[in-house]
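For reference, the structure discussed in these notes is given below.
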Amino acid sequence: MKKSKVLTTAALVLTLALAGCSSKEKEEKSAEAAEPSTTVTVYSAGPDGLAANIQEAFEQQTGIKVEMFQGTTGKILSRLEAEKNNPVADVVVLASVASMDGLKAADQLQSYKEAKNADKINAEWSDAEGYYYGYSASALGIVYNTKNAAEAPKEWADLAQPQWQNKINIPDPSLSGSAVDFLFGYTEADGTAWNTMEQWKSNGLQVNGANKEALDAVITGEKDITIAGVDYMAYKAKASGEPVDIVYPASGTVVSPRAVAIMKESKHVDAAQAYVDFLLSDEGQALVAEAYLLPGNEAIAVKDRATLDEIPQLEVKWQGAEQKQVDVLTKFIELFR
Amino acid sequence: MVMESKRSFILLIAIVSTFAIAPIIAIVFYTFVQDGQLNMEQLQRLFSQNRLWQTLSNSLLLGLFVIIGTTIIAFPMALIRTKTSLAKYNWLDIVLTIPFMTPPYIGSMGWILFMQHNGFLQQLLPSTAWLSELFFKLFGMVLIMSLHLFPFLYLMLKNTLLRINGSFLDAALIFGKGAWRNWFKIVLPLTVSSYVLGSLLIFIKTLAEFGTPATFGSRIGFQVFTTEIHSYLSRWPVDIRMATSLSLFLLSICLIIWYFQNWIGRKYTYGVLSGKTPALREIREPWFIKLGAWLFVTIILLLSIAVPYFSIIVTSLQKVRGDGLQAGNFTLAAYGEIFTAGSAGFTAFMNSFVFSILTAIITAVLGLCIALYVKKGQTKKQQLLDFFSLTPNIIPGIVFVVGLIMFWNSPLLPFTIYNTKAMVVVTYCVLFLPYSVQYTKSAFTQLDASIFQSAAIFGRNKWAVYVQIIIPLLMQGIVAGMMMTFIISMRELVAGLLILPPSVETGATFIYSQFEQGNVSVGMAVAVMTVIITVLFMFLLEWMQRGGKQTNA
């Protein structure tokens, strides 16, 4: 039975190859426990370019290799859920503080109170016990196509007017953490919000995928307006010559912090802490500003965009908001499906 | 004679079941077992959801419409390619498979960019604005999916028609009562069974499709099973149990259709292969038929290839997307970006390339062993192995992916390949094993028994018989299977979206994520590269098959 021998060998090689891939990593991990970690696994919810720049600068500065998984906030949370039995993430970066607070409540994070520069970071965006830090934020606004919209709308309610019929969209809140933040903040602060949203719906509001997909529709002129568009993407598109601009309604909008935290199950705690330190450092904060986001440290100058105090804000409290956010999201989905 | 040992059976069945059956068991387990106890509540939760019925009716409706759509395209096309003077243009067959080889999500993105308000069509012809309204409905989705899937049905119908062309038509000409009567009484009934088989296959393929529903369907708020499963797994709040039970539901539907298809296959298939090759007659037809045929082919090629590729290529070349089609608004910057060594796009593309080649090699080896064992599937064991190795064909990819995630995350396993690149290759192998099994098996059935007998007599030993006689004879089938696996792996999207480890992207997920959060032009440049590689491989495959035929003859 020579053939079966060959087969056995082939199968063995295959299995060993597969097993090798994973057992090697396990060995690495156990060996690393005593010595300083050489890698750190980061699950990061965009923005694309920023995450890559931070990774590069961090690797250069510390010599620690970053394994990066990029996705939307929803994708990262679901991945964490699926991997509960074999956690790999050391650091998570989410585009929604409420979700981050949910992770803390579910006992999935660990505190890092001693983070360097922690005192310079906006306290409203961060956890008082040091479980997570709002290292940056985006503000949500009305993004419009400058060619098609002769006059920019001024208020959220304006978008219920017939002139914007079938020309408005919103990022899908089940894909975009910042869009959930907007829905939550807007409905909390404004009693008539649901009413306005129903008017948007009858005005032909389209729910349009993740943030970039919604913005792209405005860039190409398919739609004129994105409601609750993330500002940094709009500023970036504007800087590269696209015909878009953004306004923040005077009645106030939501500033959606993006938070970083260390997973409780992290096997590279030292490297994870170094990563958090780097995000909060002046260098990391400058990279944040470079990506047109609002830095968590207000002392860092922003680039070609509105500063935090120029943006009229709605009163929003993020801590403990996760369940309320789920309710708002469910209600929204039911309204629009 | 060979490959019949019990040991090789156990080994093969062990490999196939770990890869292909265990994931399904994991899904069942995760759905019904909670804290170590059997729990049926999940089913209640599933069935009490209104959205389930909405999703079910959406999926079935879509499948039905796509069958109609593909029929409208494939049937005339098959007639044109067998009954008119266009029958001699064999290059048309390669061109007609391009739509099927185009990754569906790329095709739909192309259509969206073309048809949307202020899209390319409206920039070229502003008076067509009303079309856009019409297009972004279920109609548009059916059109896109039909244009993607019709080559399947077309090839099946064409082959049946070609076979009937032989002795059956001669008999009909001699005994029949005129061309039209022959046509209705002989040709149509003989094509019915292959049509039904083909359209059920289209139905299953439509149910399993993720790319188009995810891009176009989400745009018009049309949810189907695949997108629902994906969203329970990747959207917040996550509900994995709902995803597994939905997968189970979809799986059951596909098994029912597959059973139905088998039943029809057994009951209504006639032997149309009479051994007589059809005489190649010079076909003459009236000018209007010729004109109509060319017109039809041109329209289909325009819709299925020209439109999506126009959008993809233009988008990859645009400087300022908001400026639209304007002289001076073009740049090769996106290509420059992906061809910079180490850029995210290039790395993603290379990952796809490596994963696909590994998958092609592994499935070829496994497929060969399985085909050698199964042969014509006469014993129960052979049939069992055959069935197991072909299950990924019946079961939608996303169901397998969900199962693999559950399986490799199970706390019972001593080690896991989850979150490694090996997981990607394993998943691809599971999904695409049927291709190599089928190609190798069909090459195997062409070998005459006398080859084995003479080999057994003259061969030095069994190993030499394999290496020197059988494998070389099967080589063409094996390589064809490998190419096909490679092409399909290059475009796999949903597996990548759900299982890629950190720091790893494939071409498909890169393109997808550029639409979600990044730079659409760069995404489209990677799409163009993927498609060029695919088409190159297709031509290579065609060239090899032609070469093979000539040497055989």
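Worth saying up front: this structure is predicted, and the values here are computed from it rather than measured. A note on names: the letters A, B, ... follow the listed sequences, proteins ahead of strands, and every chain is numbered from 1.
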Exercise for review: Enumerate the residue pairs fulfilling salt bridge (charged side-chain N to carboxylate O under 4.0 Å, His left out) with a member in residues 76-92 of chain A, sequence neighbours excluded, ordered by first and then second residue.
Suggested key: A:Arg79-A:Glu83, A:Glu81-A:Lys84
Review point. Should we count NZ of A:Lys324 as having more than 12 external heavy atoms under 6.0 Å?
Key: no
Check your understanding: Is it true that atom NZ of A:Lys167 has more than 12 heavy atoms of other residues, nucleotides or ligands lying nearer than 6.0 Å?
Key -> no
Practice item. Kindly give the heavy-atom pair with the smallest separation between B:Pro502 and A:Tyr43, and that separation in Å. Key: CG-CE1, 3.7 Å
Practice item. Could you tell me whether the side chain of A:Glu222 and the main chain of B:Gly119 form a donor-acceptor pair under 3.5 Å? Key: no
Check your understanding: Under the criterion side chain to side chain donor-acceptor pair (under 3.5 Å), which of A:Glu67, A:Lys65, A:Gln55 is the partner of B:Ser503?
Key -> A:Glu67
Check your understanding: Which region of A:Val180, side chain (C-beta onward) or backbone (N, CA, C, O), has a non-hydrogen atom less than 4.5 Å from a non-hydrogen atom of chain B, or is it both or neither?
Key -> side chain
Practice item. Quick one: which of B:Asp323, B:Ile405, B:Thr18 has the most heavy-atom pairs under 4.5 Å with chain A, could you say? Key: B:Asp323
Check your understanding: Is it the case that B:Gln116 and A:Thr220 place a side-chain donor and acceptor less than 3.5 Å from each other?
Key -> yes
Review point. Do the non-hydrogen side-chain atoms of B:Arg321 and A:Glu242 ever get within less than 4.5 Å of each other?
Key: yes
Study note, to complete from the structure: Heaviest contributor of heavy-atom pairs below 4.5 Å to chain B, chosen from A:Ser174, A:Ala210, A:Pro243, is A:Ser174
Exercise for review: Determine the option with the most heavy-atom pairs under 4.5 angstrom with chain A, choosing from B:Ser234, B:Ser132, B:Gly324.
Suggested key: B:Ser234
Exercise for review: May I ask you to check whether over 12 heavy atoms, not counting those of B:Trp130, lie within 6.0 Å of atom CH2?
Suggested key: no
Revision key, fill the gap. So, the part of B:Asp239 with a heavy atom under 4.5 Å from chain A: the answer is neither
Exercise for review: Report the residues that fulfil side chain to side chain donor-acceptor pair (under 3.5 Å) with B:Thr227, sequence neighbours left out, ordered by chain and then residue number.
Suggested key: B:Gln223
Check your understanding: Is it true that atom CZ of B:Phe29 has more than 12 heavy atoms of other residues, nucleotides or ligands lying nearer than 6.0 Å?
Key -> no
Review point. Listed by residue number, which members of residues 91-103 of chain A have a heavy atom under 4.5 Å from any heavy atom of chain B?
Key: A:Ser99
**Study point:** Residue part contacting chain B, namely of A:Phe336, when any heavy atom lies under 4.5 Å
**Key:** neither
Point to revise | Euclidean distance, B:Arg51 CZ relative to A:Ile333 CD1, rounded to 0.5 Å | key: 6.5 Å
Point to revise | Under 4.5 Å from any heavy atom of chain B - which part of A:Asp172 | key: side chain
Practice item. Could you check if a side-chain atom of A:Asp216 sits within less than 4.5 angstrom of a side-chain atom of B:Val520, using non-hydrogen atoms only? Key: yes
Check your understanding: In terms of heavy-atom proximity below 4.5 Å to chain A, should B:Leu500 be classed as side chain, backbone, both, or neither?
Key -> backbone
Exercise for review: Under 4.5 Å heavy-atom distance to chain B, tell me which part of A:Leu215 shows up: side chain, backbone, both or neither.
Suggested key: neither
Revision key, fill the gap. To the nearest 0.5 Å, atom OG of B:Ser231 lies from atom CG of A:Leu175 at 8.5 Å
**Study point:** Side-chain touch B:Asn118/A:Asn148, heavy atoms, less than 4.5 angstrom
**Key:** yes
Review point. What part of B:Leu113 is in contact with chain A, defined as an atom under 4.5 angstrom from a non-hydrogen atom: side chain, backbone, both or neither?
Key: neither
Practice item. Give, as side chain, backbone, both or neither, the part of A:Glu322 having an atom under 4.5 angstrom from any heavy atom of chain B. Key: both
Check your understanding: Does the side chain of B:Gln514 reach to within under 4.5 Å of the side chain of A:Lys212, using non-hydrogen atoms?
Key -> no
Check your understanding: Are side-chain heavy atoms of B:Asn409 and A:Asn86 found at a separation under 4.5 Å?
Key -> yes
Review point. Does any heavy atom of chain A fall under 4.5 Å from the side chain of B:Ile499, the backbone, both, or neither of them?
Key: backbone
Check your understanding: Around atom CD of A:Gln165, are there more than 12 heavy atoms of other residues, nucleotides or ligands at under 6.0 Å?
Key -> yes
Revision key, fill the gap. Cut-off 4.5 Å, heavy atoms of chain B, and the answer for A:Asn211 is both
Point to revise | Contact class of A:Val66 relative to chain B, heavy atoms under 4.5 angstrom | key: backbone
Point to revise | Distance, nearest 0.5 Å, that separates NE2 of B:His117 from CG of A:Asp224 | key: 6.5 Å
Exercise for review: For A:Ser256, enumerate each residue passing the side chain to side chain donor-acceptor pair (under 3.5 Å) test, keeping only those at least two apart in sequence or located in another chain.
Suggested key: A:Asp181
Point to revise | Engaged part of B:Leu233 at the chain A interface, taking heavy atoms whose separation is under 4.5 Å | key: backbone
